[in-house]
Asker: 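Below are the C-alpha cells for one structure; questions will follow.
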Amino acid sequence: LSNQDIPLAYQVISGIQSQSTTNKMDERYSQVLVSLDNQIKANASSRLYNRVLAFQGNIEWTSMKSKYFSVVVKPAEKASALSSTIISPAIFQVNLGLEPVTLAKNERITHSFHAYFGPNEYEQMASYKLGVEKSISGGPIWYLGQILLKTMRFFYYKLFHNWGLAIIFLTLLVSIAAYPLSRKSL
C-alpha cells in the first residue's frame with residue numbers, strides 16, 4: 001500500500017434462512033425491522049419481495065424476523081445507512097453501512113456489534129438491555145396479552161407449579177373481572 005491515507009467504507013451483510021417450508025399464513029410474519037431515529041420501520045409485505053428498501057439516518061439496530069425467530073444486529077458505533085431485501089418468506093438480507101473512516105498506513109480499526117439470535121420472546125430480548133425488544137409488537141391488544149401472560153406465569157412459578165392450575169385460575173380471574181360487564185348486558 002502507499003504512504004497515503006486510505007478511505008475505508010464497508011458493509012456488514014447478514015441474513016437468515018428458514019429450513020422449514022413456509023405457507024401463506026407464515027408469510028405475514030416475515031419482516032425486516034429497522035430502529036431509525038427512535039422509530040421502527042418495517043419491510044414486511046409480500047409485494048416487496050426482491051425489492052431493496054434503503055434507509056438513511058441514525059440506525060440503532062436492525063431485526064430480521066420470521067414467525068418464531070429473530071436475528072437482531074445492533075452496532076456499537078453509529079450506523080447511517082441500511083438496505084434490506086426480503087428475497088422470499090424464508091430468506092432475508094440486510095446490508096448495514098457504517099460511517100466511512102480514513103485509515104493511515106498500518107492503522108487498524110475494530111468495530112463491535114451486539115447480536116441476538118433467538119426466539120421472539122419479549123422478556124428474553126429485554127434481558128439484554130439493548131432496546132431490541134421493541135422489535136416485538138402485536139398492536140394495542142398486545143399489552144393486554146403481556147399482562148395476562150405475566151399473571152399466568154406468576155400463578156405457575158410462585159403458587160402452583162402446574163400450568164393447568166395456572167390456566168384455570170387465570171380464567172377465573174378474567175371471569176371475575178368481566179362479570180360486571182356481562183351482568184349489565186343481561
Side-chain angles (χ1 to χ4, degrees), residues 6-103 107-146 149-150:
I6 302 169
L8 172 69
Y10 65 95
Q11 294 179 328
V12 177
I13 300 173
S14 174
I16 60 173
Q17 179 173 355
S18 171
Q19 295 299 318
S20 65
T21 59
T22 58
N23 58 37
K24 288 289 183 187
M25 291 298 291
D26 289 340
E27 282 186 29
R28 65 187 174 132
Y29 298 102
S30 299
Q31 58 184 323
V32 175
L33 299 169
V34 179
S35 179
L36 176 68
D37 298 322
N38 290 322
Q39 293 183 340
I40 296 177
K41 309 281 185 183
N43 170 355
S45 172
S46 60
R47 295 184 310 270
L48 299 177
Y49 288 155
N50 293 316
R51 210 168 110 202
V52 177
L53 293 182
F55 302 94
Q56 297 286 329
N58 182 22
I59 296 168
E60 295 150 13
W61 51 261
T62 183
S63 171
M64 295 157 283
K65 291 177 55 176
S66 60
K67 186 172 184 179
Y68 302 110
F69 189 77
S70 286
V71 173
V72 182
V73 177
K74 181 176 183 173
E77 295 86 15
K78 182 182 178 192
S80 60
L82 181 133
S83 64
S84 67
T85 309
I86 297 179
I87 298 167
S88 76
I91 303 172
F92 307 84
Q93 180 176 332
V94 171
N95 301 329
L96 183 63
L98 301 175
E99 289 291 314
V101 295
T102 301
L103 294 178
E107 186 178 6
R108 293 182 181 185
I109 189 168
T110 302
H111 290 284
S112 299
F113 297 87
H114 301 281
Y116 173 83
F117 301 86
N120 293 333
E121 187 175 305
Y122 182 85
E123 290 178 1
Q124 184 172 346
M125 293 173 97
S127 69
Y128 293 102
K129 297 180 181 10
L130 297 173
V132 298
E133 68 276 4
K134 297 174 192 170
S135 68
I136 299 178
S137 175
I141 201 161
W142 178 82
Y143 295 104
L144 176 63
Q146 288 299 306
L149 182 61
K150 286 181 181 182

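Note that this is a predicted model, so its numbers are computed, not measured. Positions are given from 1 along the sequence.
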Asker: Can you confirm whether Val34 sits close enough to Ile59 that some side-chain heavy atom of one is under 4.5 Å from a side-chain heavy atom of the other?
Answerer: yes
Asker: Any non-hydrogen side-chain atom of Phe113 less than 4.5 Å from a side-chain atom of Lys74?
Answerer: no
Asker: Quick one, His114 and Trp61 - any side-chain contact, counting heavy atoms below 4.5 Å?
Answerer: no
Asker: Between Glu60 and Asn38, is there a side-chain heavy-atom distance shorter than 4.5 Å?
Answerer: yes
Asker: Using a 3.5 Å distance criterion without hydrogens, assess whether the side chain of Glu133 forms a donor-acceptor pair with backbone atoms of Glu123.
Answerer: no
Asker: Does the side chain of Ser70 reach to within under 4.5 Å of the side chain of Met64, using non-hydrogen atoms?
Answerer: no
Asker: Work out which heavy atom in Ala115 is nearest to a heavy atom in Phe117; give both atom names and the distance.
Answerer: CB-CE1, 3.4 Å
Asker: Without swapping roles, check the side chain of Thr62 against the backbone of Leu33 for a donor-acceptor pair under 3.5 Å.
Answerer: yes
Asker: Quick one: does any side-chain atom of Asp37 pair with a main-chain N or O of Asn58 as donor and acceptor, under 3.5 Å?
Answerer: yes
Asker: Could you tell me the separation between the OH atom of Tyr116 and the OG atom of Ser127, rounded to the nearest 0.5 Å?
Answerer: 7.5 Å
